[in-house]
Every structure is written in structure tokens, then in C-alpha cells.
Amino acid sequence: MSIKLKTSMKILKSITYKLKSSLKFGVVGNTMIGIGLRGLGDSIQQNIEKMSEKTRERSYDLKRTCKISCTGFIIGPLNYYWYKYLDFKYQGKKAKIIMKKIILDQIFGATFFTFIFIIIACVLDGQTFKESLNEFKKKFLYIYAIDWLIWPPSQLINFYLIPKDQRVIFVNVILVFWNVFLSYVKHY
């Protein structure tokens with residue numbers, strides 16, 4: 001395991017240990033955590049890329065990590081209010097309610113957040129809106145298919161076991177791994 005990957009894992013442990021204290025900051029705290037975790041996901045992905053034969057010589061791209069992190073400035077607050085809305089509209093832990101939340105999150109949340117991520121990441125990379133939209137069209141179905149494998153089980157845990165005030169934090173932790181995947185799809 002590379003030194004950078006070990007460092008990334010230490011950072012992740014430190015962040016998850018301190019997550020609970022950030023809850024008092026609401027949307028701001030959750031957004032800042034999301035920004036950091038998005039960057040961590042890209043950092044992990046870049047370290048994975050460096051292990052491959054083709055990209056071993058490539059140096060770490062800090063600008064790329066910063067751009068991926070910046071997507072959290074928009075997505076973080078939207079995520080926060082999306083889950084607040086779902087919790088307000090669909091209260092309780094009955095199976096029917098949880099399934100409604102998961103279906104709504106998959107149909108509306110996943111589509112919307114994937115769209116926003118790709119558009120923002122492309123624009124930050126210097127692409128036009130039209131080019132960004134074309135990249136979204138090209139990559140969406142693949143991302144959405146993988147999304148169905150990751151997010152419904154995660155959201156089942158989220159909506160059934162995680163307290164309301166910690167749901168965005170839980171999602172952000174899953175997002176570290178999700179952003180490893182998104183960073184891979186975005187840059188290849």
C-alpha cells in the first residue's frame with residue numbers, strides 16, 4: 001500500500017471519528033465534510049491509478065482533487081436539504097416508508113446528483129455546458145447502473161439504522177468510496 005493511500009486512510013479515520021461533533025453546524029458542517037470526503041475519494045482514486053502500469057509515471061494532480069472537492073459546495077447543501085425533505089415527508093421506520101425513500105432517492109436523487117456532479121466537474125475542467133451535457137449523456141447509464149448496486153443497500157441502512165441528524169454524514173462516508181468510482185469514470 002502506498003504512503004499516500006495510507007495517509008488517506010488515516011485522514012478518513014480521523015474524519016469519521018470527528019463527524020459527530022460537526023453535526024451542530026447543520027448544512028455548513030455537513031457541506032464542509034462532504035467537500036473533504038469528495039477530495040479524499042479522488043485522492044484514493046489517483047493513488048489507485050498510480051499503481052497501474054499505464055499511469056505509474058503520472059504525478060499527483062492536486063488541481064483535479066480540488067475540482068472534485070469543489071463539487072461539494074453545490075452538492076453538499078442540496079444533499080442536506082434532500083434528506084431533510086425525505087425525513088420530513090416520510091417519517092418512521094416501517095418497511096413501506098423506507099422503500100418509498102429508497103425509490104425516490106434512486107429515481108430523483110441519484111439522477112439529479114449524478115447530473116450535477118458531472119456538469120460541475122466538467123465545467124471546472126474547462127468544458128462548455130454543451131460538452132458537459134454530452135459527457136453526462138455518455139456516462140450516465142453506466143454510473144446509474146452501478147448506483148443501483150451501491151445506494152439502495154446503503155440507504156436501507158441509512159434510513160433504518162442511522163439517526164436522522166447523522167444521515168448526511170453516513171451518506172458522505174459512503175460517498176468517499178462512491179467518489180473513488182466517480183473520479184475513475186470522470187477521468188477515463
Side-chain angles (χ1 to χ4, degrees), residues 2 4-50 59-87 105 108-127 129 132 135-136 139-140 143 146-147 150-151 154-155 157-158 162-188:
S2 76
K4 287 183 182 180
L5 187 55
K6 286 180 183 177
T7 303
S8 296
M9 296 310 289
K10 284 181 183 179
I11 292 169
L12 178 60
K13 284 182 182 180
S14 173
I15 289 170
T16 56
Y17 179 75
K18 296 177 183 178
L19 287 177
K20 198 162 188 161
S21 66
S22 72
L23 295 174
K24 65 183 175 184
F25 300 112
V27 68
V28 174
N30 284 292
T31 298
M32 297 311 290
I33 289 167
I35 290 166
L37 295 178
R38 280 170 172 60
L40 180 60
D42 182 69
S43 179
I44 292 168
Q45 175 55 32
Q46 286 196 54
N47 279 289
I48 292 169
E49 291 168 12
K50 284 194 68 73
S59 63
Y60 185 83
D61 187 351
L62 184 59
K63 283 176 108 174
R64 173 180 143 175
T65 299
C66 289
K67 290 174 188 177
I68 295 293
S69 294
C70 284
T71 65
F73 281 108
I74 303 295
I75 296 171
L78 295 173
N79 254 339
Y80 179 83
Y81 289 112
W82 171 245
Y83 291 110
K84 285 277 194 192
Y85 167 78
L86 286 178
D87 286 335
D105 194 47
F108 299 109
T111 304
F112 177 73
F113 291 120
T114 300
F115 176 78
I116 294 295
F117 171 80
I118 291 176
I119 297 299
I120 294 170
C122 288
V123 168
L124 289 172
D125 277 344
Q127 296 178 14
F129 182 75
S132 303
E135 186 166 331
F136 171 77
K139 296 179 177 180
F140 175 72
I143 293 170
I146 302 301
D147 188 286
I150 303 300
W151 287 107
S154 298
Q155 293 297 40
I157 293 167
N158 191 26
I162 306 297
K164 285 181 189 179
D165 63 341
Q166 296 177 28
R167 289 190 179 148
V168 172
I169 299 298
F170 175 80
V171 167
N172 279 330
V173 171
I174 302 300
L175 273 172
V176 170
F177 303 103
W178 181 245
N179 279 301
V180 169
F181 167 72
L182 287 180
S183 180
Y184 168 78
V185 172
K186 170 65 182 103
H187 294 99
Y188 287 94

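All values reported here derive from a predicted model rather than from experimental measurement.
Of all heavy-atom pairs between I74 and L78, the closest is O-CG, 3.2 Å. Among all heavy-atom pairs drawn from I143 and I118, the shortest one is CD1-CD1, 3.6 Å. When all heavy atoms of S132 and C122 are compared, the closest pair comes out as OG-CB, 3.0 Å.
Using modelled atom types, one finds no donor on one side chain facing an acceptor on the other under 3.5 Å when comparing D147 with W178. Checking R64 against S183 by side-chain atom types alone, a donor-acceptor pair falls below 3.5 Å. A donor atom on one side chain and an acceptor atom on the other are found under 3.5 Å apart for N158 and Q155.
With sequence neighbours left out, K139 forms a salt bridge (charged side-chain N to carboxylate O under 4.0 Å, His left out) with E135. The salt bridge (charged side-chain N to carboxylate O under 4.0 Å, His left out) check on D61 picks up nothing, with sequence neighbours excluded.
In this structure the side chain of Y184 never reaches within 4.5 angstrom of the side chain of I48, judged on heavy atoms. D42 is listed as a side-chain neighbour of Q46, based on a closest heavy-atom distance under 4.5 Å. The shortest side-chain heavy-atom distance between I68 and L124 does not fall under the 4.5 Å cut-off. Annotation: side chain of Q45 is not in contact with side chain of L182 (no heavy-atom distance under 4.5 Å). Residues I120 and F73 have side chains not in contact (no heavy-atom distance under 4.5 Å, counting atoms from C-beta outward). A heavy-atom distance below 4.5 Å is not found between the side chains of I150 and F177. Proximity of Y60 to S43: side-chain heavy atoms (C-beta onward) are separated by under 4.5 Å at one or more points. Using a 4.5 Å cut-off on side-chain heavy atoms (C-beta onward), F113 and W82 make contact.
Aromatic ring centroids of F108 and F112 lie 6.0 Å or more apart.
Annotation: side chain to side chain donor-acceptor pair (under 3.5 Å) contacts involving residues 67-76, sequence neighbours excluded, comprise K67-D125.
Between the OG1 atom of T111 and the CG atom of D105 there is a distance of 9.5 Å, given to the nearest 0.5 Å.
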### Task
Give the intermediate values and the outcome of side chain to side chain contact (heavy atoms under 4.5 Å, CB included) for residues T31 and V28.
CA-CA 5 Å; T31 298; V28 174; 5.8 Å; no

